[in-house]
Amino acid sequence: MTDDALQRLYADFQAAGLMPLWTQREGLMPASPRPAAAPHVWRYKELYPLAQRAGELVPVGRGGERRAIALANPGLAGQPYATPTLWAAIQYLGPREVAPDHRHSQGAFRFVLEGRGVWTVVNGDPVEMRPGDLLLTPSWHWHGHHHVADEPMVWLDGLDIPLVSRLDAGFFEFGPDEVVEQATPTTSRSEQLWAHPGLRPIGAAATRQSPLLAYRAEHTDAALSGQLELESAGHPGVIEPGHAGIRFSNPTTGADALATMRLEMHRLRPGAVTAQRREVGSSVWQVFTGEGVVSLGEQELDVAEGDCVAVPSWCPLRIEARSRLDLFCFSDAPIYEALALTRTGGNA
Ligand code: GTQ
Ligand code: FE2
């Protein structure tokens, strides 16, 4: 075959809407993942004042829906995504403000760093948001947020927006324009039913998304302390020396609380260092309390309270605690597990 004939073949492929594998095999099927997303840190000391300025200048209301500011990964070409599958945002709600009711096919959670006075109302159930709490808004659940106190409140939102977008699975509906439910109970209906460890209401069906909408800081804290106390007494339970961890689970199945996102809390003793590990799939970590060093491949990032770190797929991760270090973490691991794409590695 002459070069000319080959050129004509490629031109005819193009005209016919065809492309050969052999000229782009390595890009299509690399030996190992080549994430576009970069390892990256967003520092809370930058995030908070910017959210505050948005609070002064930008109203919350119908249309824009939320004063949420996305962490945009520098490797992702200007898209408002922390990783190719995960949306992470700082949401700011001022005193007495109301974020209107809506629902969407994207699943969501909130993790609270500081402040008080906001209730998120999920399918009509008012759920108080307190520091260290994890609150769920599973896919297609109605939700709005309302603030009854005098100080602004800020939290981390996580959603599967990029994944749902790539899957062409996005649906969205506005709720009524009237203000969301104004009640302010300390315990949500979902907790009355489901927040009793090991006790499952008889007759309750198993569901893909957790019916428990609030995972309270005091329970998370007790679970992590328990693991470390057991370790001190010579009993098993920790992930590795000095490193405790819990996964927020769906009490009807024991599986991940949400279908598309894995949610975890980790605690390292002062001076503890994790083994270096890498996994297929991406994650975002937020420091809840303490200080440490997060190593992502060759990069070493000092992190403090509120800082958020994006970990791309297959990027080696190692965490070192400079003080007691509590970290919240969310990832897209359930997707990879469901699709039999899970892979983990030790030292890179
Ligand atoms: O609070 O309902 O960060 O719908 C992005 C989309 C938060 C929310 C976000 C949302 C919300
Ligand atoms: Fe929403």
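Counting starts at 1 for both ligands and their atoms, following the listed order. Counting from 1, the numbers follow the sequence of the chain as shown.
- Closest to atom 7 (C) of ligand 1, if we only count protein heavy atoms, is Asp157 OD2, 3.3 Å.
- Minimum interatomic distance between Asp133 and Leu135 (heavy atoms only, all atoms of both residues): O-CD2, 3.9 Å.
- No part of Thr137 comes within 4.0 Å of ligand 1, judged by heavy-atom distances.
- Heavy-atom contacts of His102 reach the following atoms of ligand 1: 2 (O), 4 (O) (cutoff under 4.0 Å).
- In this pair, His102 and His143 present their aromatic rings perpendicular. The plane angle is above 60°, beyond the 30 to 60° band.
- Atom CG of Leu296 is separated from atom CZ of Arg278 by 13.0 Å, given to the nearest 0.5 angstrom.
- By the neighbour-count criterion of 12 heavy atoms within 6.0 Å, atom CZ of Arg43 is densely surrounded, having more than that number from other residues, nucleotides or ligands.
- Protein N/O/S atoms closer than 2.8 Å to the Fe ion (ligand 2), listed by chain and residue number, are His102 NE2, His104 NE2, His143 NE2.
- Close approach of ligand 1 to Ala89 (heavy-atom distance below 4.0 Å) involves ligand atoms 3 (O).
- Remark: Gln24 CD is packed, more than 12 non-hydrogen atoms of other residues, nucleotides or ligands lying under 6.0 Å away.
- Ring orientation note: the planes of Phe328 and Phe248 are tilted relative to one another, at an angle of 30° to 60°.
- Here the shortest heavy-atom distance to atom 4 (O) of ligand 1, taken over Arg66, His104, Glu65, belongs to His104.
- Using a cut-off of 4.0 Å between Lys/Arg side-chain N and Asp/Glu carboxylate O, Glu240 and Arg277 are scored as salt-bridged.
- Annotation: side chain of Glu218 is in contact with side chain of Arg130 (closest heavy-atom distance under 4.5 Å).
- Residue, atom and distance of the protein heavy atom nearest to atom 6 (C) of ligand 1 are Leu159 CD2, 3.9 Å.
- Residue contacts with ligand 1 for Gln106 are absent, since no atom lies close enough (heavy atoms, distance under 4.0 Å).
- In this structure the side chain of Arg66 reaches within 4.5 angstrom of the side chain of Pro100, judged on heavy atoms.
- Those atoms of ligand 1 that come under 4.0 Å of a heavy atom in His145, given as number and element, are 1 (O), 2 (O), 8 (C).
- Residue Ala68 approaches ligand 1 through these ligand atoms, each under 4.0 Å from one of its heavy atoms: 3 (O), 9 (C).
- The aromatic rings of Trp285 and His266 lie tilted to each other, with the angle between the two planes from 30° to 60°.
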